[in-house]
Structure formats: structure tokens, C-alpha cells
Amino acid sequence: MSTTIYDQHYQSLDYFGKPYPELVDFFKRLDRDQTILDLGCGQGRDLLFLAKLGFNMIGVDLSTVGIEQVKRRANQLKLHISLEVADIYNYIIPPGVDIILMDSMLHFYKNNIQKETELVNSLLDQLKNGGFFCNCLLKGKRREMILKDIIEKSRFEWNIIYDDYIDYPDNNSEYHFLVLEKRWT
Ligand SMILES: C[S@@+](CC[C@H](N)C(=O)[O-])C[C@H]1O[C@@H](n2cnc3c(N)ncnc32)[C@H](O)[C@@H]1O
């Protein structure tokens with residue numbers, strides 16, 4: 001598989017720092033007997049923390065370097081995590097996933113709006129009823145509107161579980177942390 005820019009970034013351990021405290025607090029309140037799929041898990045910033053909390057974790061990323069690092073750290077910590085180097089645009093969600101997590105994965109840059117919209121729609125389709133879609137998006141009016149629009153136009157109903165901004169001091173920025181529950185129909 002070809003190398004990516006992230007393979008270079010991940011020469012530094014914990015390139016994106018620690019999980020956001022708000023994300024930490026949120027997941028600490030959930031039942032641990034759930035399976036979380038971290039799409040674009042990178043070096044396992046969220047994935048390893050959530051595995052330590054006791055969730056069943058599945059991580060997918062294009063970066064072989066990232067996935068190999070997560071594997072090594074999971075082995076050291078004796079955590080059983082399912083990991084795969086794969087492109088999330090061709091990835092089929094395995095059965096049993098309760099929560100889809102995407103942290104800093106969607107950007108909605110002009111050239112990618114259609115591709116990312118199709119991806120989100122496909123994820124919302126595949127998510128089980130009662131499942132959570134959790135997304136951390138860099139604060140920005142336009143991109144937040146695009147995501148809101150996708151959700152509003154989806155053929156499903158959603159309960160808003162979390163909808164607020166969280167600080168990312170490492171990058172002097174804020175993220176919009178949105179958690180939606182797919183309503184039973
Ligand atoms: C900004 S980083 C975020 C990493 C991690 N979610 C975090 O918050 O620490 C984006 C990650 O998405 C991965 N990525 C980008 N496009 C991808 C794709 N099409 N399929 C799988 N992973 C992808 C990159 O390799 C990188 O690890």
C-alpha cells in the first residue's frame with residue numbers, strides 16, 4: 001500500500017495529542033458492552049483510550065504506520081482490538097457495530113463535498129437502529145451546515161445526544177462534537 005502524508009506525521013508519537021476531555025467524559029457515561037467503530041483511527045488517540053475503558057473496538061485507517069503503532073500499543077497493553085488498513089470509502093460496516101466514531105475525518109472541502117456526503121449517507125444507512133453516530137468536526141459555519149443538511153435530509157429520524165463545541169488547545173481550535181442516535185422506526 002502506498003504511503004500517505006499521515007505516515008509521515010505519525011513518525012511522531014501521538015501526533016494529534018490526547019482525546020478531548022469532553023469526548024472522554026461522554027464515553028465514560030456509556031455502557032461498555034458496546035462495539036465502537038473508529039473510522040480513520042490514526043494512531044489510536046481515541047481508539048486506545050476507549051479500548052482501555054472496556055469498549056469493543058474496531059479501528060480502520062489508510063495509514064499502515066498508524067495501524068502498526070496501534071497494534072504494538074494494544075499488544076503492550078494486552079488490549080484486543082480489531083484493526084484494519086483500509087479505505088473507509090470502500091469499507092462495509094461489520095455486523096454488531098453500535099457506535100460509529102469519526103474524529104477529524106470529515107472536512108467538506110469544495111472538491112470533496114459530494115464524496116463525503118455520500119460517505120456519511122452510506123454510514124447513516126448502515127448504522128443500526130438505536131446506534132450512535134459520533135462526529136468531531138473542526139468548527140466552521142459552512143462545513144457544519146453541510147453536515148446538518150445531510151442529517152436533516154436523511155431518511156431517518158435522529159435524537160441529538162450531544163451537540164456542543166469542544167476545545168482543542170493543542171491546535172488552538174474548536175471542534176463541533178455531535179452525537180446522534182438513530183431512532184427506531
Ligand atoms: C486528521 S487524522 C485523525 C486521526 C484520528 N481520528 C484522531 O482524531 O486522532 C485523519 C486520519 O484519517 C485517515 N484517513 C484519511 N482518509 C482515509 C480513508 N479514505 N480511509 C481510511 N483512513 C483515512 C488518515 O490516515 C488519518 O489517520
Side-chain angles (χ1 to χ4, degrees), residues 1-27 35-53 55 57-74 77 79 81-94 97 99-124 126 132-140 143-144 146-147 150 162 164-179:
M1 193 159 286
S2 61
T3 59
T4 69
I5 183 73
Y6 289 100
D7 286 334
Q8 293 167 35
H9 291 331
Y10 295 162
Q11 298 306 321
S12 319
L13 215 59
D14 297 328
Y15 181 80
F16 290 108
K18 295 196 170 97
Y20 318 110
E22 292 85 348
L23 184 142
V24 169
D25 290 345
F26 174 79
F27 278 101
T35 298
I36 305 176
L37 170 64
D38 188 347
L39 289 174
C41 62
Q43 292 172 295
R45 168 167 71 142
D46 302 328
L47 181 85
L48 286 165
F49 160 75
L50 294 170
K52 280 188 227 161
L53 276 188
F55 290 100
M57 296 303 300
I58 305 173
V60 179
D61 202 286
L62 261 187
S63 165
T64 312
V65 174
I67 290 291
E68 286 306 318
Q69 285 176 2
V70 181
K71 269 188 196 160
R72 261 198 311 279
R73 293 169 95 176
L77 296 164
L79 296 168
I81 301 176
S82 168
L83 292 162
E84 197 178 328
V85 176
D87 184 342
I88 60 169
Y89 287 88
N90 305 319
Y91 183 79
I92 306 290
I93 297 180
V97 168
I99 299 173
I100 297 172
L101 170 65
M102 296 178 94
D103 186 350
S104 320
M105 286 303 297
L106 299 170
H107 303 94
F108 299 114
Y109 297 130
K110 240 183 193 162
N111 291 344
N112 285 335
I113 292 177
Q114 191 182 342
K115 192 178 171 197
E116 292 188 355
T117 300
E118 284 168 10
L119 173 66
V120 175
N121 274 321
S122 159
L123 297 175
L124 299 181
Q126 292 178 71
F132 283 6
F133 176 74
C134 303
N135 187 68
C136 295
L137 183 72
L138 182 64
K139 185 176 179 179
R143 62 177 79 95
E144 287 176 47
I146 293 174
L147 183 58
I150 296 172
Y162 194 107
D164 210 346
Y165 293 100
I166 55 184
D167 276 331
Y168 180 31
D170 292 7
N171 194 33
N172 209 12
S173 55
E174 277 182 85
Y175 273 73
H176 183 205
F177 183 33
L178 181 66
V179 181

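Counting starts at 1 for both ligands and their atoms, following the listed order.
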(request) Cation-pi check, Arg45 to Tyr20: give yes when NZ or CZ is under 6.0 Å from the six-membered ring centre and within 45° of the ring axis, no otherwise. (result) yes
(message) Tell me whether the rings of Tyr6 and Phe16 are parallel (<30°), tilted (30 to 60°) or perpendicular (>60°).
(response) tilted
(message) Using a 4.0 Å cut-off to any heavy atom of Ser63, which atoms of ligand 1 qualify?
(response) 25 (O)
(message) Please check: side-chain N/O of Asp7 versus main-chain N/O of Thr4, any donor-acceptor pairing under 3.5 Å?
(response) yes
(message) As an exercise, state the distance from SG of Cys136 to OH of Tyr168, rounded to the nearest 0.5 Å.
(response) 11.0 Å
(message) Show, in sequence, the C-alpha distance, side-chain angles and deciding distance for Phe49 and Phe27, and conclude whether the ring pair (Phe, Tyr, Trp, His ring centres under 6.0 Å) test is met.
(response) CA-CA 10 Å; Phe49 160 75; Phe27 278 101; 7.9 Å; no
(message) Taking 4.0 angstrom as the limit and counting only heavy atoms of Tyr89, give me the atoms of ligand 1 inside it, by number and element.
(response) 19 (N)
(request) For a side chain to side chain contact (heavy atoms under 4.5 Å, CB included) with Glu118, tell me which candidate from Gln114, Lys115, Glu116 qualifies. (result) Gln114
(message) I want to know if ligand 1 touches Met105 in the polar sense, i.e. an N/O pair below 3.5 angstrom.
(response) no
(request) With rounding to the nearest 0.5 Å, note down the distance linking CG in Leu119 to CD1 in Ile88. (result) 5.0 Å
(message) Tell me the protein heavy atom at minimum distance from atom 4 (C) of ligand 1, and give that distance in Å.
(response) Gly40 O, 3.4 Å
(message) Any nitrogen or oxygen of Thr4, side chain or backbone, less than 3.5 Å from one on ligand 1?
(response) no
(message) Please list, in number order, the atoms of ligand 1 under 4.0 Å from a heavy atom of Cys41.
(response) 5 (C)
(message) Heavy atoms only: which of Leu62, Asp87, Asp61 lies closest to atom 25 (O) of ligand 1?
(response) Asp61
(request) Report the part of Tyr10 (side chain from C-beta onward, or backbone N, CA, C, O) that has a heavy atom under 4.0 Å from ligand 1; answer both or neither where that applies. (result) side chain
(message) Quick check on contacts: which atoms of ligand 1 are under 4.0 angstrom from a heavy atom of Arg45?
(response) 7 (C), 8 (O), 9 (O)
(request) To the nearest 0.5 angstrom, please state how far the OH atom of Tyr89 sits from the CG atom of Leu62. (result) 10.0 Å
(message) Looking at non-hydrogen atoms alone, which of Tyr20, Tyr6, Tyr168 comes nearest to atom 24 (C) of ligand 1?
(response) Tyr6
(request) Report yes or no: does Gln69 contribute a side-chain atom to a donor-acceptor pair with the main-chain N or O of Tyr10 at less than 3.5 Å? (result) yes
(message) Give the atom numbers and elements of ligand 1 that come within less than 4.0 Å of a heavy atom of Ala86.
(response) 20 (N), 21 (C)
(message) Side chain or backbone, does Ile88 bring an N or O within less than 3.5 Å of an N or O on ligand 1?
(response) yes
(request) Give the residue and atom name of whichever protein heavy atom lies nearest to atom 3 (C) of ligand 1, and the separation in Å to one decimal. (result) Asp103 O, 3.5 Å
